Amino acid sequence: MPELPEVETVRRGLAPVLVGARIRRAELRRSDLRFPFPPDFAKNLQGRLVTGLDRRAKYLVARLDDGAALIAHLGMSGAFRIETLQDAGAAPLGAFAMARSKDPTHDHVILHLEGGARVIYNDPRRFGFMTLALEAELEAHPFFTHLGVEPLSQGFDARVLARLFAGRKTLLKSALLDQKLIAGLGNIYVCEALHRSGLSPFRAAGDLVKANGAPARSAQRLARAIRDVLGEAVEAGGSSLRDHRRADGSLGYFQHRFQVYGRTGEACATPCCGGTILRQTQNGRSSFFCPKCQR
DNA sequence: ACATAGACCTGTTGGC
DNA sequence: TGCCAACAGGTCTATG
């Protein structure tokens with residue numbers, strides 16, 4: 001599923017159930033996801049109290065009471081859901097629980113919490129992964145050391161963007177997807193942010209920087225568009241295309257606000273533009289854009 | 001530095 | 001209706 005807004009939505013959904021809860025038992029239904037679980041993974045989770053749940057880029061980080069942290073990445077199709085005691089009984093289930101409970105094939109990890117709730121990780125493609133690390137060493141962890149700026153943080157603005165892009169000849173689309181530069185963007189929100197800022201995905205990243213290193217007006221527009229589109233998507237509970245659901249099973253609805261993603265052949269929504277949305281492959285990923293108003 | 005291709009997996013979709 | 005190729009929100013590696 002997951003770009004920053006979807007992961008943040010999952011975090012917000014899980015936090016009320018998970019933070020302050022103790023893990024009675026961690027059940028692994030298989031020995032690996034994208035990577036094998038580390039040795040003693042389930043054993044080390046058993047009995048731990050979850051003291052916090054954070055997000056960094058597209059990673060979830062659950063802090064535990066023994067100084068460890070559970071790191072989880074949802075890959076392309078990972079989802080968490082919560083089942084309470086009520087759900088587990090024979091009583092009528094909600095539509096979502098019904099649909100999901102029919103196919104538990106891809107329920108790979110189940111955290112049984114004290115009190116009876118269960119937090120279930122489901123991931124058909126298994127591109128996601130989980131591991132444990134010491135909280136004190138998270139910043140130095142291989143998953144985190146190379147991550148770039150958080151686009152929703154205070155520090156992210158056009159000047160930061162300009163500094164990151166200065167001198168880069170790589171395509172704007174590629175630069176925005178590079179987690180070492182900006183952490184959390186993915187294919188959908190890059191397409192949407194580029195459309196909002198009227199910039200072609202085929203521009204060179206360095207084009208957005210003036211000769212003196214200051215951000216060009218285009219960089220101002222792009223930084224603003226990134227913040228706006230991500231912020232709005234978080235507020236909307238993310239985008240539900242195939243896999244993404246909030247932890248309570250409800251759907252995000254930002255997909256209804258896409259202006260270009262998946263809209264090949266449709267009229268561009270920019271007022272007075274009159275262009276038509278195209279799809280073109282870039283670096284093996286689909287780019288959706290309007291060739292008329294994105295220059 | 002940068003682009004491209006392929007790998008990892010499974011499920012869904014679109015075209016014929 | 002059925003089949004099969006193409007494609008999917010991510011990341012990593014190898015290669016040129």
Side-chain angles (χ1 to χ4, degrees), chain A residues 1-10 29-36 55-60 71-80 99-100 102-108 121-131 141-148 151 164-194 201-207 229-230 233-234 236-246 251-258 260-265 279-288:
Chain A
M1 62 148 92
E3 300 182 35
L4 187 154
E6 289 73 39
V7 179
E8 177 61 22
T9 298
V10 170
R29 311 285 295 278
R30 52 180 299 131
S31 62
D32 64 336
L33 293 170
R34 178 171 172 187
F35 311 119
R55 176 191 60 74
R56 172 74 171 106
K58 301 172 190 171
Y59 293 88
L60 288 169
I71 303 172
H73 193 290
L74 304 172
M76 290 279 268
S77 59
F80 280 99
R100 287 297 196 135
K102 274 187 202 163
D103 178 26
T105 317
H106 305 296
D107 287 350
H108 303 311
Y121 180 72
N122 181 288
D123 187 356
R125 293 176 74 179
R126 299 203 307 276
F127 285 170
F129 50 89
M130 289 187 201
T131 193
H141 193 280
F143 290 146
F144 295 103
T145 44
H146 298 112
L147 287 179
L164 293 172
F165 285 180
R168 291 193 184 262
K169 292 178 181 160
T170 193
L171 301 180
L172 198 43
K173 174 78 185 296
S174 313
L176 290 170
L177 284 174
D178 187 345
Q179 303 297 300
K180 294 191 289 298
L181 301 178
I182 303 170
L185 288 171
N187 203 35
I188 289 179
Y189 295 105
V190 167
C191 290
E192 294 299 318
L194 285 172
F202 298 97
R203 285 274 286 269
D207 277 8
V229 74
L230 293 178
V234 168
S239 304
S240 295
L241 294 187
R242 295 165 190 78
D243 302 298
H244 171 66
R245 284 170 185 273
R246 304 158 97 140
L251 297 168
Y253 52 89
F254 192 76
Q255 66 278 10
H256 303 302
R257 309 244 297 268
F258 293 165
V260 286
Y261 186 84
R263 294 190 173 276
T264 310
R279 183 177 82 88
Q280 202 164 324
T281 300
Q282 251 181 318
N283 300 338
R285 316 285 310 269
S286 291
S287 279
F288 298 89

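Note: hydrogens, waters and symmetry copies are ignored here, and every other heavy atom, side chains too, is used. Please read these numbers as outputs of a predicted model, since none were measured by experiment. Each chain gets a letter, A, B and so on, in the order its sequence line appears, and its residues count up from 1.
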* Asked: When rounded to the nearest 0.5 angstrom, what distance separates CG in A:L60 from CG in A:L74?
  -> 5.5 Å

* **P spacing across the pair B:dC9 / C:dC4, given as an integer number of angstrom** => 23 Å

* To do: Sequence neighbours left out, what passes side-chain hydrogen bond (donor to acceptor under 3.5 Å, both in side chains) with A:Q179? Give chain and number order.
  => none

* Given atom CG of A:D32 and atom C1' of B:dC8, what is their separation to the nearest angstrom? -> 11 Å

* What nucleic acid atoms does A:Y261 come within less than 4.0 Å of, heavy atoms only: base, sugar-phosphate, or nothing? -> sugar-phosphate

* **Which nucleotide in C:dC7, C:dG9, C:dG10 has an atom nearest any side-chain atom of A:R279** => C:dC7

* Structure fact -> CG (A:L4) and OH (A:Y189) are apart, to the nearest 0.5 Å, by 9.0 Å

* Hey, is the side chain of A:S77 poking within less than 4.0 Å of OP1 or OP2 on B:dC9, counting only N and O atoms? -> no

* To do: Round to a whole Å and report the spacing from CZ of A:F143 to P of C:dG10.
  => 17 Å

* Closest heavy-atom pair and its distance - A:A233, A:F254 -> CA-CD1, 3.6 Å

* To do: Extract the stems that DNA chain B is part of, considering only consecutive pairing runs of at least three Watson-Crick or G-U wobble pairs, both distances under 3.5 Å.
  => B:2-8 with C:10-16, B:10-16 with C:2-8

* Asked: Residues two or more places apart in sequence or in another chain: which of them pass side-chain hydrogen bond (donor to acceptor under 3.5 Å, both in side chains) with A:K58?
  -> none

* To do: For A:Y189 and C:dG9, give me the distance from atom OH to atom C1', rounded to whole Å.
  => 9 Å

* Asked: Planes under 30° and centres closer than 5.5 Å, is that true for A:F127 with the base of C:dT11?
  -> no

* Structure fact -> Between the CZ atom in A:R126 and the CZ atom in A:R30, the distance rounded to the nearest 0.5 Å is 3.5 Å

* **P-based separation of B:dA5 from C:dA6 [nearest Å]** => 14 Å

Please write out the pairs of protein N or O atoms and N or O atoms of nucleotides 1-5 of chain B separated by less than 3.5 Å, giving the distance to one decimal.
unit_1: B:dC2; atom_1: OP1; unit_2: A:K169; atom_2: N; d: 3.3
unit_1: B:dC2; atom_1: OP2; unit_2: A:R168; atom_2: NH1; d: 3.1
unit_1: B:dA3; atom_1: OP1; unit_2: A:T170; atom_2: OG1; d: 3.2
unit_1: B:dA3; atom_1: OP1; unit_2: A:L171; atom_2: N; d: 3.4
unit_1: B:dA3; atom_1: OP2; unit_2: A:T170; atom_2: OG1; d: 2.5
unit_1: B:dT4; atom_1: OP2; unit_2: A:N283; atom_2: OD1; d: 2.8

* Let me see the working for A:F258 and A:L241 under side-chain contact (heavy atoms from CB on, under 4.5 Å), right down to the final yes or no. => CA-CA 11 Å; A:F258 293 165; A:L241 294 187; 4.0 Å; yes

* Any A:H106 side-chain N or O less than 4.0 Å from OP1/OP2 of B:dC9 -> no

* Asked: Quick one: is A:Q179 getting a side-chain N or O under 4.0 Å of the C:dG10 phosphate, OP1 or OP2?
  -> no

* Using atom CD1 of A:I71 as one end and atom C1' of C:dT11 as the other, report the distance to the nearest whole Å. => 15 Å

* d(CG, A:L33; P, B:dC9) in whole Å -> 11 Å

* Just call it for A:R126: base, sugar-phosphate, or nothing, with non-hydrogen atoms closer than 4.0 Å on any strand. => sugar-phosphate

* Asked: Rounded to the nearest Å, what distance is computed from the CZ atom of residue A:R285 to the P atom of nucleotide C:dA6?
  -> 18 Å

* Asked: A:T170: what forms a side-chain hydrogen bond (donor to acceptor under 3.5 Å, both in side chains) with it, not counting sequence neighbours?
  -> none

* To do: Can you measure from CG (A:L177) to CG (A:L172) and round to the nearest 0.5 angstrom?
  => 10.0 Å

* Structure fact -> Atom CG of A:L177 and atom P of C:dT11 are separated, to the nearest Å, by 9 Å

* Is A:H73 near enough to C:dG10 that one of its side-chain N or O atoms lies under 4.0 angstrom from OP1 or OP2? -> no

* Structure fact -> Sequence neighbours excluded, the answer for ring pair (Phe, Tyr, Trp, His ring centres under 6.0 Å) partners of A:Y253 is none

* What nucleotide, of C:dG9, B:dT10, C:dT11, holds the atom closest to the side chain of A:R34? -> C:dT11

* Starting at CZ of A:F288 and ending at C1' of C:dA8, how long is that distance when rounded to a whole Å? -> 10 Å

